[in-house]
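Every chain is numbered from 1, with letters handed out A, B, ... down the list of sequences. Heavy-atom basis, side chains included; hydrogens, waters and symmetry copies ignored.
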Amino acid sequence: MTETIITRFAPSPTGYLHIGGARTALFNWLYAKAMGGKMLLRIEDTDQARSTEGAILAILDGLRWLDLDWDGEPVYQLSRAERHREVVETLIAEGKAYRCYATREELQAMRDTARAEGRAPGYDGAWRDRDHSDAPEGAQPAIRFKAPREGETVIEDRVQGTVTFANKDLDDLILLRSDGSPTYMLSVVVDDHDMGITHVIRGDDHLTNAARQAQIFKALGWETPIYAHVPLIHGPDGAKLSKRHGALGVEAYREMGYLPSALRNYLVRLGWSHGDDEIISSEDMISWFDLDAIGRSAARFDFAKLENLNGHYLRTMPDAEIVGHLKTLIPHLPDGEVLMERIGEEGWKNFERAMPGLKERAKTLVELLDSAAYLFAMRPLELDDKAKKQLDDVGVETLAGLLPKLKNVETWTPEILEYCVREFAETTDRKLGKVAQPLRAALTGRATSPGIFDVLEVLGREEALGRIADQIRPAQPD
RNA sequence: GCUCCCUUCGUCUAAUGGUUAGGACGCCAGGUUUUCAACCUGGAAACAGGGGUUCAAUUCCCCUAGGGAGUACCA
C-alpha cells in the first residue's frame with residue numbers, strides 16, 4: 001500500500017473557472033496534499049467547437065489566484081487524440097466496439113420510441129451485429145462501445161457509497177465520432193489510465209458517467225480509479241447555480257474584493273466539515289481533509305457567510321500583505337489605472353499606516369478601498385449627506401472653537417490629539433461625540449470612519465488642519 | 001418519462017438507538033463606544049410526512065412528497 005495517490009482536476013475550457021469547479025479543484029488538491037500525493041491538471045478540450053484559449057487562460061489564472069498548484073505540465077486532451085484512436089482500434093479488433101451508421105434522425109426516433117415505451121432512452125444497438133455491407137454509400141461511421149446488456153455495473157463511491165446501475169439502462173455510447181475525433185467518455189478513461197490517476201474527485205453530475213467509464217475500463221482490462229462524486233453547489237434559491245447568483249468565475253470574486261484564503265475556507269466548508277471548526281488554516285485543511293467527511297447533499301451558496309469569513313481574514317492579515325492584495329486587485333477594477341496613479345508611492349505608505357483602522361471595518365477589499373477614499377481626497381473635500389448634517393451651524397461652530405486648540409498641538413500623535421480634543425470637549429461642556437462627529441465629517445467627508453484620532457494622525461498636521469479650516473470658512477465669510 | 005442521488009434551525013453543518021438535538025453565518029435584544037465596524041452577553045430558530053423494526057427512533061428499513069443530476073456524434 002505504498003501507492004502514491006494521484007488526483008486530477010480536469011476542467012473543460014468552455015468558460016471561466018466557476019465556483020463549483022474551484023471547489024472540485026480544491027478538494028483534489030487537498031486530498032493529494034493530505035495523502036502526500038500529486039494533483040495533475042488536464043484540460044478537456046475535445047469539444048473543439050466550444051473550447052477557447054481564453055477559457056484555458058482564465059482557468060489557469062483562477063487556480064493560481066486561489067494558490068492551488070498542480071504537478072507537472074497541464075495535459076491537453078486534444079493532443080492525445082492519436083492515442084485515443086489507437087485504443088479504439090484494439091477495442092474494435094477485440095469485438096468490443098463497432099461501426100455505427102445510424103443517422104441523426106434515426107437516433108432521435110429511437111429515443112422517442114424508447115421514451116414512449118417507458119424505457120431508458122438511448123441507442124438500440126441496431127448496428128451492433130449488422131454487417132458493413134449494409135452501410136449507406138460513402139457514409140462515415142461513428143464507433144460505438146459494445147456495452148454489456150445484462151447484469152449491473154457497481155460504483156463503490158467514496159462519497160455516494162455503493163451505487164448500482166442496471167446495464168440494460170446504459171446504451172452503447174460513441175467512442176469515436178464519424179469524423180474520427182474521440183469523445184469525452186473515451187478520452188477520460190484512456191487519460192485517467194495513462195496518467196496513473198488513482199482517485200477521481202469530481203462533481204456528482206458525473207455519477208452516471210462513472211458507470212459507463214467503468215465499463216470501458218473493464219473492457220480494456222484496466223483497473224478503475226477510486227471515485228468520489230461531490231454534490232454540486234446550488235444557488236441561494238436551491239436551484240442550479242446560475243450566473244445571476246454565484247456561478248461566476250473566480251475572477252469575479254476577486255473583483256468583488258474577496259481574499260483567496262477566505263474563499264478557500266468558505267469553499268472547503270461547503271460540503272465538508274471537521275467537527276465544529278469554521279476558521280481553518282491551510283495547514284489544518286490539509287491535515288484534516290478526508291473524502292469520507294464529504295457530505296452527500298447539495299449545498300447552497302451563501303454570500304453573507306463568505307463575507308463574514310472574508311472580514312475575518314482581512315482583520316487578521318498583516319497590513320503589508322493587504323497592501324499587496326490591493327495592488328494586484330486594483331488593476332482589475334474599473335478605473336483601476338486612474339486609482340493606482342492617484343494613490344502613488346507616497347499614498348501606499350499612508351494607506352498602510354491607516355490599515356489597522358481600515359481593515360477592522362471592511363468585509364471586502366473593495367469596501368476597504370472605498371473607506372480609504374478620504375486618504376486620497378483632494379481639498380476641499382466633497383461631503384456626503386450625512387457629513388453635511390454633522391456640519392450644520394453647531395458643528396461648524398464647534399470646529400471653529402477646536403481648530404485653534406489643535407493648532408497648538410506640537411506633537412502630532414493620536415494620544416496627544418485625543419487629550420487635546422477631550423479637554424476641549426470638557427471645558428466647553430460638550431459630549432465627546434458632539435466634537436468628534438463634525439471633526440470626522442470635516443476630515444473624511446463622511447459620518448463613519450476609523451477612530452478619529454488615528455485619522456488626524458495619518459492625515460498629518462497640515463492636511464488635517466487645512467480640511468478643518470475648509471469647513472469653517474464658508475460659514476464665517478468675514 | 002426512465003436511471004441515479006439527496007432531505008437536521010433561513011443558510012453551512014455537528015452529534016446520537018435514550019441529549020434541554022450542538023456550533024457557525026444571518027436575524028433580534030442588550031452591553032461597550034467619538035461614528036461605523038469589531039468585540040462581549042442573551043434570544044428566537046431544525047430532525048420533510050407516513051408506516052414499520054425496537055423497551056426506545058432524528059439516528060435502521062420501506063413508502064410518499066419535495067429537491068437535484070444524468071438521459072447528445074457536449075464535457
Undergrad: With sugar-phosphate meaning primed atoms plus P, OP1 and OP2, does A/S449 contact a base, only sugar-phosphate, or nothing at under 4.0 Å between heavy atoms?
TA: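 If one applies the 4.0 Å heavy-atom cut-off, A/S449 turns out to touch a base.
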
Undergrad: Kindly determine whether A/F301 and A/Y266 satisfy ring-ring contact (aromatic ring centres under 6.0 Å, His included), including the steps that lead there.
TA: CA-CA 10 Å; A/F301 195 88; A/Y266 177 72; 5.1 Å; yes

Undergrad: Answer with base, sugar-phosphate or nothing: what part of the nucleic acid does A/L306 contact at a heavy-atom distance below 4.0 Å?
TA: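 Result for A/L306 = nothing.
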
Undergrad: Under a 3.5 Å limit for both distances, which nucleotide forms a Watson-Crick or G-U wobble pair with B/U11, could you say?
TA: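 Its partner is B/A24 (Watson-Crick or G-U wobble, both distances under 3.5 Å).
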
Undergrad: If the P atom of B/G30 is compared with that of B/U35, how far apart are they to the nearest Å?
TA: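 Approximately 16 Å lies between the P atom of B/G30 and that of B/U35.
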
Undergrad: Send over the distance from A/L170 CG to B/C2 P, rounded to a whole Å.
TA: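 From A/L170 CG to B/C2 P: 17 Å.
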
Undergrad: Between P on B/C25 and CD1 on A/I280, what's the gap in Å once rounded to a whole number?
TA: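 Whole-Å distance recorded here is 14 Å.
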
Undergrad: Just the atom pairs and distances: protein N or O near nucleotides 37-41 of chain B's N or O, under 3.5 Å.
TA:
from	atom 1	to	atom 2	distance (Å)
B/A37	O2'	A/E360	O	3.3
B/A38	O3'	A/R315	NH1	3.4
B/A38	O2'	A/E360	OE2	3.1

Undergrad: Given that both distances must come in under 3.5 Å, which nucleotide forms a Watson-Crick or G-U wobble pair with B/U35?
TA: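 Looking at the geometry, B/U35 pairs with no nucleotide.
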
Undergrad: For the side chain of A/M185, starting at C-beta, report the closest nucleotide among B/C25, B/C73, B/A75.
TA: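 Of B/C25, B/C73, B/A75, B/A75 is nearest to the side chain of A/M185.
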
Undergrad: Over 60° means perpendicular and under 30° means parallel, so classify the ring planes of A/F289 and A/W272, tilted if in between.
TA: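 Taking A/F289 first and then A/W272, their aromatic rings sit tilted (interplane angle of 30° to 60°).
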
Undergrad: From C-beta outward on A/H234, which listed nucleotide comes closest to its side chain: B/G68, B/C4, B/U34?
TA: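 Of B/G68, B/C4, B/U34, B/G68 is nearest to the side chain of A/H234.
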
Undergrad: Rounded to whole angstrom units, what separation is found between the CZ atom of A/R42 and the C1' atom of B/A75?
TA: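 From A/R42 CZ to B/A75 C1': 11 Å.
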
Undergrad: Is any side-chain N or O of A/R446 closer than 4.0 Å to OP1 or OP2 of B/U35?
TA: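 For B/U35, neither OP1 nor OP2 has a side-chain N or O of A/R446 closer than 4.0 Å.
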
Undergrad: Base, sugar-phosphate alone, or nothing: which one does A/F453 contact when heavy atoms must sit under 4.0 Å apart?
TA: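 It contacts base atoms.
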
Undergrad: Closest nucleotide of RNA chain B for A/S181 versus for A/D204: which of these residues is on the 5' side?
TA: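 The 5'-side residue here is A/D204.
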
Undergrad: Using the six-membered ring wherever Trp is involved, compare the ring planes of A/H274 and A/W288 and label them parallel, tilted or perpendicular (cut-offs 30° and 60°).
TA: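 Ring orientation, 0 to 90° scale: parallel.
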
Undergrad: Quick one: which protein N/O atoms are closer than 3.5 Å to N/O atoms of nucleotides 70-72 of chain B? Pair and distance per line, please.
TA:
from	atom 1	to	atom 2	distance (Å)
B/G70	O2'	A/T208	OG1	3.0
B/U71	O2'	A/P121	O	3.4

Undergrad: Measure the shortest side-chain to side-chain distance between A/L107 and A/Y123 over non-hydrogen atoms and say whether it is less than 4.5 angstrom.
TA: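 Result yes, sub-4.5 Å side-chain heavy-atom pair found.
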
Undergrad: Using only heavy-atom distances, decide whether a donor-acceptor pair under 3.5 angstrom links the side-chain of A/R300 to the base of B/U11.
TA: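 Per atom types, no contact qualifies.
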
Undergrad: Go through the N and O atoms of the side chain of A/E278 and the base of B/G23, and report whether any donor-acceptor pair is under 3.5 Å.
TA: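 Checked by distance alone, the answer is yes.
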
Undergrad: Whole angstroms only, please: what is the CH2-P distance between A/W288 and B/A14?
TA: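 Spelled out: CH2 on A/W288 to P on B/A14 is 15 Å.
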
Undergrad: In the structure shown, which nucleotide is the Watson-Crick or G-U wobble counterpart of B/A72, with both distances under 3.5 Å?
TA: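 None - no nucleotide pairs with B/A72, as no candidate has both distances under 3.5 Å.
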
Undergrad: Both distances below 3.5 Å, Watson-Crick or wobble geometry, any strand: find the nucleotide opposite B/G30.
TA: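 In the structure as shown, B/G30 has B/C40 as its Watson-Crick or wobble partner.
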
Undergrad: Could you measure between the two C1' atoms, the one in B/A29 and the one in B/U64, and give it in whole Å?
TA: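 Pairwise C1' distance, B/A29 against B/U64, rounds to 42 Å.
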
Undergrad: In whole Å, what separates the C1' atom of B/C62 from that of B/U20?
TA: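 Nearest-Å result for B/C62 against B/U20 at atom C1': 32 Å.
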
Undergrad: Can you tell me how far CZ of A/F424 sits from CG of A/L406, rounded to the nearest 0.5 angstrom?
TA: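 Reported value, rounded in 0.5 Å steps: 9.0 Å.
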
Undergrad: For the P atoms, the ones on B/C6 and on B/U13, what distance do you get once it is rounded to whole angstrom?
TA: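 Taking atom P in both B/C6 and B/U13, they lie 15 Å apart.
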
Undergrad: Is A/L270 touching bases, backbone alone, or none of the nucleic acid, heavy atoms closer than 4.0 Å?
TA: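 A/L270: backbone/sugar contact only, no base atoms under 4.0 Å.
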
Undergrad: Both distances below 3.5 Å, Watson-Crick or wobble geometry, any strand: find the nucleotide opposite B/G17.
TA: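 Per the H-bond distance test, none.
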
Undergrad: Using a 4.0 Å heavy-atom cut-off, does A/P450 contact any base of the nucleic acid, only the sugar-phosphate backbone, or nothing at all?
TA: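 Base: the residue A/P450, judged by heavy atoms under 4.0 Å, touches a nucleobase.
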
Undergrad: When you measure from the side chain of A/K305, which nucleotide among B/C2, B/C12, B/G22 comes out closest?
TA: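 That would be B/C12.
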
Undergrad: Starting the side chain at C-beta, find the nucleotide from B/C6, B/A75, B/U34 nearest to A/R296.
TA: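 Ranking B/C6, B/A75, B/U34 by closest atom to the A/R296 side chain puts B/C6 first.
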
Undergrad: Pick the P atom in B/A38 and in B/G49, then give their distance to the nearest Å.
TA: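 B/A38 and B/G49 have their P atoms separated by 36 Å.
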
Undergrad: Could you pick out which residue, A/D276 or A/D169, lies toward the 5' side of RNA chain B when each is mapped onto its nearest nucleotide?
TA: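 Its nucleotide being nearer the 5' end, the pick is A/D169.
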
Undergrad: Measure from the side chain of A/S297, starting at C-beta and using heavy atoms only, and say which of B/A14, B/C6, B/C73 lies closest.
TA: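 Among B/A14, B/C6, B/C73, the one nearest the side chain of A/S297 is B/C6.
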
Undergrad: How far, in whole Å, is B/U59 from B/G42 if one measures between their P atoms?
TA: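 Comparing P positions in B/G42 and B/U59 gives a spacing of 32 Å.
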
Undergrad: With the side chain of A/T183 defined as its heavy atoms from C-beta on, choose the nearest nucleotide among B/A69, B/A75, B/C12.
TA: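 Looking only at side-chain atoms, A/T183 lies closest to B/A75.
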
Undergrad: For atom C1', what is the distance between B/G10 and B/C28, given to the nearest Å?
TA: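 Comparing C1' positions in B/G10 and B/C28 gives a spacing of 14 Å.
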
Undergrad: In terms of side-chain geometry, is the basic nitrogen of A/R80 or A/D194 positioned less than 4.0 Å from the acidic oxygen of its partner?
TA: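 Salt bridge flag = yes for A/D194 with A/R80.
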
Undergrad: Using Watson-Crick or G-U wobble geometry with both distances below 3.5 Å, tell me the partner of B/A48, or none.
TA: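 Checking every strand shown, B/A48 finds its partner in B/U64, with both distances under 3.5 Å.
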
Undergrad: Using the P atoms only, state how far B/C25 lies from B/C63, rounded to an integer number of Å.
TA: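 It works out to 40 Å between them.
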
